[in-house]
Amino acid sequence: MRGSFFALLKKDFRLMVSSKFFLLAIGSLILYSCYINLVYVKVDQEIFPVYLYDPEQVQENISADVISVYSPEELQNACEDGYSIGIDASKGTPRIIIASCGISRLDEMRHSYALSKLSSGNSRKAKIIGPNDKEMKNRREITAEFLFFELAAVGFLGLASMLFKEKQMGVIRVHAVLSVQKGAFILSKLILILFADLLFAALLTLCNLGVSAGVEVLPKVLVQAGILSMIMAMAGFFFSITLPDFKQFSLLYLVLAVFITTPVFLAGQTGVEMSWIKFHPMYHLFAAMKNAYFQAPVKNGFYYAGCLMSIFLLFLLARYGLDREMKREG
Amino acid sequence: MIGVKNLTFSYGKDKQVLHGLNFTVNDGEIFGFLGPNGSGKSTTQKILTGILKGHGGTVSLFGQDITAVRTQDFFQQIGVLFEFPYLYANLSAIDNLKYFSSFYPKEQVQKPEELLERLEFKQDFLKKPVSSYSKGMRQRVSMARALISNPRLLFLDEPISGLDPSGAVLFRKIIQEERKKGTTVFVTTHNMTDADLLCDRVAFISNGNIVALDSPKNLKERNSNRHVTVEYLFQGKQEMRSIEASELAGILPFPYDEIVSIHSQEPTLEDIFIQYTGRGLD
């Protein structure tokens with residue numbers, strides 16, 4: 001029994017190698033790490049430019065970085081981008097002019113920021129709370145996001161590409177007349193994908209957070225990476241065993257990317273407000289991953305129970321799909 | 001070895017494909033199961049190999065009901081050759097056989113190299129990936145996969161398909177050798193020559209019913225009109241006449257100068273199949 005399982009593992013490992021799975025993973029690791037270390041940590045968005053129209057020079061203690069304009073038209077034009085803020089002080093009392101960026105909370109922040117610029121003495125450096133400076137915060141944030149999207153795609157597509165190869169070769173049907181358990185056939189693939197994903201998660205974390213910070217968060221990150229990897233791999237198994245060809249699978253993947261991953265990205269990464277996002281299961285996985293990178297693990301038992309239940313249900317579905325494929329006509 | 005009583009099977013509620021099959025296969029027998037596409041051959045084989053469940057009637061293998069024998073031990077006693085050579089294209093012949101043999105006890109397994117040599121597999125392709133093999137070579141590796149565990153019961157689906165004439169002769173020889181070793185062979189085919197040359201008994205299946213079951217010889221004898229065709233020369237002209245075979249024992253009932261040839265008018269298995277079912281095998 002143990003020998004048979006080892007044979008399944010060995011065969012699946014060779015299939016993974018031949019489908020260039022590891023090559024793709026290494027390529028992604030290099031690409032993400034280069035982007036994080038060479039580009040992202042150096043990116044610092046310019047704070048909202050503030051323009052002031054004050055023909056009578058009424059405002060006296062204005063901040064040095066406020067830009068003066070000399071006509072109402074010039075002020076209007078400067079504020080049209082939805083980012084810059086204008087202050088019209090031509091009638092004595094300053095009036096804030098902003099083109100809404102679409103997010104009410106951000107508009108309010110821009111409003112307050114512009115007002116604060118009218119008194120130069122208020123400028124204070126923000127106090128850093130906790131162990132993260134701005135660069136480390138950025139590193140943790142972007143690494144969590146890359147890992148989430150990589151695992152969501154790789155677990156799903158990686159297993160599917162292996163399985164489609166086996167379907168195409170017809171060998172799945174041969175396993176129907178061998179003394180091999182269907183569960184073992186699924187588990188061997190799952191273990192390999194899980195191992196590859198965990199290795200990827202560890203390397204990505206260490207490369208981008210540094211050894212010390214990386215080792216610190218690794219246990220929590222690996223738990224979340226393991227959960228996500230298993231869910232995505234099981235889903236990939238079920239859909240690839242059920243759908244007749246890779247074209248249909250690619251179409252489904254597109255649909256999933258649009259309807260599942262995009263809202264999670266928008267809710268987690270931008271200020272777009274979606275009250276329903278808390279009902280989106282992937283959002284909780286995404287949040288858990290991010291929290292793991294900030295040493296704030298999920299302590300909600302329902303989350304883990306939900307994950308375990310999903311993995312179990314997906315395993316049953318995968319088993320059902322495999323059984324159906326084995327009975328199919330050649 | 002195999003006992004089938006009143007076997008029925010339906011895909012869904014309205015699609016009954018087997019309508020009460022009855023047959024037995026004896027130990028060490030080569031049994032042919034002949035029928036056109038869609039007649040129920042594959043379904044029967046899938047039930048016998050434990051792939052399909054939910055049949056009606058009783059099916060026993062190795063003296064036990066199939067629902068009881070469908071265990072690890074059962075799969076270790078059977079070998080199955082599928083119609084198409086299903087192999088891992090990225091692995092070599094040797095690696096494929098080593099992989100598939102890992103699901104059987106070590107003492108039961110044959111050496112892949114020896115088996116492939118017996119199947120006249122080209123030695124320089126042993127370690128090359130299956131993707132570089134011809135159809136005939138793939139079929140040889142598939143046959144080796146079916147035989148690697150020294151099965152007691154061998155299911156062969158179109159074993160000769162994709163082989164050149166010398167390959168076909170070799171496969172027939174190997175099947176006969178397996179039978180001599182005591183293996184029971186269940187052959188599913190619509191190739192009449194194979195069935196005629198290989199099988200001890202054949203069953204004709206049409207629309208989910210067995211319409212005839214006997215040895216090829218008996219079937220042909222039973223359905224023969226016992227006539228022969230005689231070609232002869234008479235007064236410089238070649239002529240042909242059909243007579244009863246028994247008439248050959250005496251003086252021929254027509255004048256001739258020279259006999260050119262005598263042809264038996266014994267029907268082929270295909271003729272008999274058409275006679276029973278009203279349709280051909282292709």
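So you know, we letter chains A, B, ... as the sequences are listed, proteins then strands, and number each from 1.
- Residue A/Q168: no heavy atom, backbone or side chain, is found under 4.5 Å from chain B.
- Residue contact with chain B, scored on non-hydrogen atoms closer than 4.5 Å, is absent for A/I172.
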>> Go through it in stages, so that I can follow the logic: the residues are A/H175 and B/Y99, the test is ring-ring contact (aromatic ring centres under 6.0 Å, His included), and I'd like the CA-CA distance, side-chain angles, deciding distance and then a yes or no.
In response: CA-CA 11 Å; A/H175 289 84; B/Y99 168 67; 5.8 Å; yes

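- For B/Y104, the part lying near chain A is the side chain, with the backbone staying farther off; criterion is any non-hydrogen pair under 4.5 Å.
- The cationic atom of B/R140 (NZ for Lys, CZ for Arg) does not lie both less than 6.0 Å from the six-membered ring centre of B/F121 and within 45° of the ring axis.
- For A/K20 and A/F22, the positive end is not near the middle of the six-membered ring at less than 6.0 Å and at most 45° from its axis.
- For the side chain to side chain donor-acceptor pair (under 3.5 Å) criterion with B/N150, the lone passing option out of B/Q110, B/E107, B/E178 is B/Q110.
- Between B/T188 and B/Q45, the side chains place a donor N or O and an acceptor N or O closer than 3.5 Å (distance only, hydrogens not considered).
- Residues forming a ring pair (Phe, Tyr, Trp, His ring centres under 6.0 Å) with A/Y253 (at least two apart in sequence, or on another chain): A/F156.
- Contacts between B/Y88 and chain A at a heavy-atom distance below 4.5 Å involve backbone atoms as well as side-chain atoms.
- Salt-bridge check for A/D323 with A/R319: failed, with every basic side-chain N at 4.0 Å or more from each acidic carboxylate O.
- Using a 4.5 Å cut-off between non-hydrogen atoms, no part of residues 218-236 of chain A approaches chain B.
- Aromatic rings from A/F238 and A/Y320 are positioned such that their centres are separated by 6.0 Å or more.
- Looking at B/D157, there are no atoms closer than 4.5 Å to chain A (heavy atoms on both sides), in backbone or side chain.
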